[in-house]
Amino acid sequence: MDFNLTEEHLLIQQAAREFAENEAAPSAVDRDINAEFPHDLVKKMGELGFMGMMVSPEYDGAGLDTVSYVLAMIEISKVDASLGVIMSVNNSLVCYGLEEWGSDYQKEKYLKPLARGDKLGAFALSEPEAGSDATHQHTSAVKKGDRWIINGVKNWITNGINADYYLVFAQTDREKRHKGITCFIVEKGTPGFTHGKKEDKLGIRSSDTCSLLFENCEVPEENILWEVGKGFNVAMNTLNGGRIGIAAQACGIAKASFSAAVKYSKTRKAFGTEIANLQAIQFKLAEMSVNLEAAKLLTLKAAFLKDKHIDYIEAAATAKLYSSKVAVENSLEAIQIHGGYGYVREYLVERYLRDAKITEIYEGTSEIQRIVIAREILKHFE
Ligand code: CAA
């Protein structure tokens, strides 16, 4: 066991930190208030290799490991969790699936521009009546000659407005339940494919989220990812890796909350001293630090297992469950330490709480993570 990061990991961490602090931080507050999508920053992340971090150089990716991805996600989410989720969806939900199961044609046409960051991806599994219960897809796709006709509605789609390519899950054989779900690559602008209004969200406000509408949307046969009926396998296996990305995003928010709390407590005076000298505050800081450290270790462990091709389903769900809880708890404590100042926009910590909450909801709620963890424990228990 070795807890040291390699030279390469440290360089990537440093590059992500510099990008986040120098380029993303100055506009983060305004983008949150105005719910403004960070087009220029996403482009810059592409140039820096952050949009296709784990994709092989053969497909124009950075060819890095999952540990590097986690380190970069933490640094970027520490400054702006909206950028974190935009990056995470492109990397672990879209590029991963295309590299793992895509045909040569799909890799050339879709994966390469996504990995370079020239195009943006979205992952469309959730529906108005199928969020946690993802096997019950209402969206359908029916074969007509060498094309498929998609009808239905998707909900809560990150990058929904700004994406160029979408992985869309649809029922192609209702009798077979989840074994009758297929994944299609749909391009923006395909006739019959439109999006709903931008959701007005509590947090991660500068990322865009919307519904997607499919009305007799025709997609060619060659845009099926992997095979007919393999869509649910694509979704579940992709989400296992995606959960590591969201765990890292949560660690970034938890770290930002912790740092803000330490900084404030060393300058704010009460009872004749800096509040950092008060045991009530020290206990809070110690708790925040321990929880953050544990969250980071769980997340890096899940990344490490994935890189070593060791089963990481339980580790990813554990990392996401725990890190998202720590993100919420640390941001709440940071507000508490700031007192009234923590409750106003002028200080950053109220945003951390708003951003943290979603990490307990998307890419599988905390309740779903518990189901996944329990099933894995029972499966492997001897
Ligand atoms: N990894 C791999 N396979 C898995 C899996 C996992 N973590 N979880 C379930 N499966 C497989 C099962 O093995 C089973 O396959 P077989 O039939 O071949 O054995 C199949 O999936 C169906 O599983 P179950 O029979 O257990 O079905 P279920 O309905 O009882 O449970 C579920 C399924 C685990 C609850 C699943 O629906 C689930 O994960 N739901 C949460 C969905 C989710 O995470 N959505 C996030 C949306 S995307 C998003 O948020 C992105 C964004 O924009 C930020």
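Order of listing sets the numbers, starting from 1, for every ligand and every atom in it. Along the sequence shown, residues are numbered consecutively beginning with 1.
Judged as a side chain to side chain donor-acceptor pair (under 3.5 Å), the pairs with a partner in residues 340-351 (not counting sequence neighbours) are, in order, Glu350-Arg354. Sorted by first and then second residue, the salt bridge (charged side-chain N to carboxylate O under 4.0 Å, His left out) pairs with a member in residues 124-141 read Glu127-Lys154; sequence neighbours excluded.
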What side-chain donor-acceptor pairs closer than 3.5 Å can you find for residues 266-274, not counting sequence neighbours?
{"unit_1": "Thr267", "atom_1": "OG1", "unit_2": "Lys263", "atom_2": "O", "d": "3.4"}
{"unit_1": "Thr267", "atom_1": "OG1", "unit_2": "Tyr264", "atom_2": "O", "d": "3.1"}
{"unit_1": "Thr273", "atom_1": "OG1", "unit_2": "Asn277", "atom_2": "ND2", "d": "2.7"}
{"unit_1": "Glu274", "atom_1": "OE1", "unit_2": "Asn277", "atom_2": "ND2", "d": "3.4"}

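None of Arg116, Glu99, Lys112 except one satisfies the side chain to side chain contact (heavy atoms under 4.5 Å, CB included) rule with Val55; the exception is Glu99.
A donor-acceptor contact under 3.5 angstrom links the side chains of Tyr322 and Asn291, judged on distance only.
Phe19 and Phe50 have tilted rings, their planes meeting at an angle from 30° to 60° on a 0 to 90° scale.
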Give me the pairs of N or O atoms, one from ligand 1 and one from the protein, that sit under 3.5 Å apart.
{"unit_1": "ligand 1", "atom_1": "1 (N)", "unit_2": "Asn240", "atom_2": "ND2", "d": "2.9"}
{"unit_1": "ligand 1", "atom_1": "7 (N)", "unit_2": "Asn240", "atom_2": "OD1", "d": "2.9"}
{"unit_1": "ligand 1", "atom_1": "17 (O)", "unit_2": "His178", "atom_2": "NE2", "d": "2.7"}
{"unit_1": "ligand 1", "atom_1": "17 (O)", "unit_2": "Lys179", "atom_2": "NZ", "d": "3.1"}
{"unit_1": "ligand 1", "atom_1": "18 (O)", "unit_2": "Lys179", "atom_2": "NZ", "d": "2.9"}
{"unit_1": "ligand 1", "atom_1": "26 (O)", "unit_2": "Arg375", "atom_2": "NH1", "d": "2.6"}
{"unit_1": "ligand 1", "atom_1": "30 (O)", "unit_2": "Arg375", "atom_2": "NH1", "d": "3.4"}
{"unit_1": "ligand 1", "atom_1": "30 (O)", "unit_2": "Arg375", "atom_2": "NH2", "d": "2.9"}
{"unit_1": "ligand 1", "atom_1": "31 (O)", "unit_2": "Arg375", "atom_2": "NH1", "d": "3.2"}
{"unit_1": "ligand 1", "atom_1": "37 (O)", "unit_2": "Ser132", "atom_2": "O", "d": "3.3"}
{"unit_1": "ligand 1", "atom_1": "37 (O)", "unit_2": "Ala134", "atom_2": "N", "d": "3.4"}
{"unit_1": "ligand 1", "atom_1": "40 (N)", "unit_2": "Ser132", "atom_2": "O", "d": "2.8"}
{"unit_1": "ligand 1", "atom_1": "44 (O)", "unit_2": "Arg243", "atom_2": "NH2", "d": "2.9"}
{"unit_1": "ligand 1", "atom_1": "44 (O)", "unit_2": "Gly364", "atom_2": "N", "d": "3.0"}
{"unit_1": "ligand 1", "atom_1": "50 (O)", "unit_2": "Glu363", "atom_2": "N", "d": "2.8"}
{"unit_1": "ligand 1", "atom_1": "53 (O)", "unit_2": "Thr158", "atom_2": "OG1", "d": "2.7"}

